[in-house]
Number of protein chains: 2
Amino acid sequence: MDDFTRRTTTDAVYEKLHDEIVSLQILPGTKLSETEVARRFGVSRQPVRNAFTKLGNEDLLVIRPQKATEVRGFSMERVELARLVRLAVELEIVHRAVEVWDALREAKLAENIALQEQAIADGDLTTFHALDYDFHKLIYELSGNPLAFDVMLECKQKVDRLCLLSLGKASEAGAILADHRNIATGLASGSLEQAQGSMRKHLSRLDETIAFIHKTHPDYFE
Amino acid sequence: MDDFTRRTTTDAVYEKLHDEIVSLQILPGTKLSETEVARRFGVSRQPVRNAFTKLGNEDLLVIRPQKATEVRGFSMERVELARLVRLAVELEIVHRAVEVWDALREAKLAENIALQEQAIADGDLTTFHALDYDFHKLIYELSGNPLAFDVMLECKQKVDRLCLLSLGKASEAGAILADHRNIATGLASGSLEQAQGSMRKHLSRLDETIAFIHKTHPDYFE
DNA sequence: ATAAGGAGACTAGTATCCAAGTTCTGTCAA
DNA sequence: TTGACAGAACTTGGATACTAGTCTCCTTAT
């Protein structure tokens, strides 16, 4: 009665390629050959083909018959679309969260924020980023929509991939923490306006970063 | 300098199967054999395999190694997730629409609504449904986010597929038109609350239909 | 010198063979 | 009659040969 599917060669190839693409180890515009990738992984072309189509479905690859497959470049439209969808979902989750919010939920979120403060006090940015991730995920779970988190995450990753281009340019952790606090107090006070407004502000912090990247890396865009 | 990709056998198989699945000509739980489908289409297994993996990536098929692949059943969680994302996007689009709304945009939307009224007066439901589609699309375009429409549409289709199960049970066209009017006047008056509220109400009309289907067709759910 | 054309090295799509696992069925024994 | 076991007949996954279209570069002719 095993419920999980066997791990297949296709999966392995897919995951490795996916990682390399989203982490920009393989840059946009890079040509990928089925046979060459097959050689590199020591497998036949078939699993590579499967992985390619999967990546193509996610718009990470451009596959055209009889032409070299290449890593898709960024498009400002796509990035803005991903940001729109993420924002939209986050706002609706906040909306649903305020409707079910109670003392228990408030306490759980407060606990996360306390840990964030601790991490910043310790100068431990790695832990802080993990807690940042948890903070957002927590709101989805507490609002009763855990699955929506994955949808949001998919959008977020598309933007994150772009933002990897500007390396040192991380937002101020302090500002992020302040946003989180505002969102939390908005939820706690039952103020939809404050909670949503804070979320909007939180997600708009990337505006300048993305505009900057668009200007400084016109290549990598299609 | 042709920009479009050649049409391939894989595409043909994929599109046909996709249609048959989303139109419920092939019901959830149906077992699909690569070889059998290949025979039916008069092609080899390979393009069928490609099509299968593509459909599997879209969660329309569940493919497990060495086991018969079958058409995925509905899941209430997935349907509710699709509805959540659609609602979220529609609300954010309305939000952006009110910020750029002007007389010209108002006139274009009013024109569409006038046609809707005419269609209902004529008892022409086919035209009305086309105008319904146009109404929503128009808001996306007028708000400056035409691409987001496709995202919404994808969510909508997942729900539509489920709703095909209850055949005669179409919502009252008059009620739909009233919703549209409320959304339009909300936009025209710059009232975000009214516009979003009307949209929320509009999309919640499916609540009972979906609950009804869930109760009357427990099979078809996984 | 330059431009047109062809050979060859690519590309992905398709067909087919084999391997490995699951499911069903039929037979044989209790 | 029923149950268990063996095996056939499925299933998809992977490998490989072959087809067909594209691109590049070099040769050749103007």
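Here the structure is a predicted model, which is why all the values come from computation and not from measurement. Here is how names work: the chains are called A, B, and so on, in the same order as the sequence lines, proteins then strands, and each is numbered from 1.
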Atom NZ of B/Lys31 and atom C1' of D/dT12 are separated, to the nearest Å, by 14 Å
Is A/Ser44 close enough to D/dG14 that one of its side-chain N or O atoms is under 4.0 Å from OP1 or OP2 there? no
Separation of atom CZ in A/Arg45 from atom P in C/dT11, rounded to whole Å: 9 Å
5'-most contact on DNA chain D (nearest-nucleotide basis), B/Ser33 vs B/Gln46, goes to B/Ser33
Can you tell me if the side-chain N/O atoms of A/Lys67 get under 4.0 Å from OP1 or OP2 in D/dC23? yes
Taking only side-chain N and O atoms of A/Thr69, does any of them lie within less than 4.0 angstrom of OP1 or OP2 on C/dA12? yes
Do NZ/NE/NH1/NH2 and the carboxylate oxygens of B/Glu58 and B/Lys54 come within less than 4.0 Å? no
With a cut-off of less than 4.0 Å, is there a side-chain N or O of A/Thr35 near OP1 or OP2 of C/dC10? no
What is the distance from CG of A/Asn50 to C1' of D/dG13, rounded to the nearest Å? 8 Å
Nearest-Å distance for atom pair CD1/P, residues B/Ile63 and D/dT12: 8 Å
So, OP1 or OP2 of C/dA12: does either fall under 4.0 Å of a side-chain N or O from B/Thr8? no
Treating B/Arg83 as the side-chain partner and B/Leu203 as the backbone partner, does any N or O pair qualify as donor plus acceptor under 3.5 Å? yes
Please classify the nucleic acid contact of A/Leu32 as base, sugar-phosphate, or nothing, using heavy-atom distances under 4.0 Å. sugar-phosphate
Interatomic distance, B/Arg39 CZ vs D/dC10 P [rounded to whole Å]: 9 Å
Rounded to whole Å, how long is the line connecting atom CD of B/Gln66 with atom P of C/dA19? 14 Å
Rounded to whole Å, please give me the gap between CD in B/Glu34 and C1' in C/dT16. 13 Å
If you take all heavy atoms of A/Arg105 and A/Val100, which pair is closest and at what distance? NH1-O, 3.2 Å
Minimum heavy-atom separation for B/Leu162 and B/Phe221, please, with both atom names. CD1-CZ, 3.8 Å
Atom pair distance, as rounded to whole Å: CZ in B/Phe41 and C1' in C/dA15: 18 Å
N-O pairing of A/Glu92 and A/Arg96 below 4.0 Å: yes
Please compare B/Glu36 and B/Arg49 by the position of their nearest nucleotide in DNA chain D and report the one closer to 5'. B/Glu36
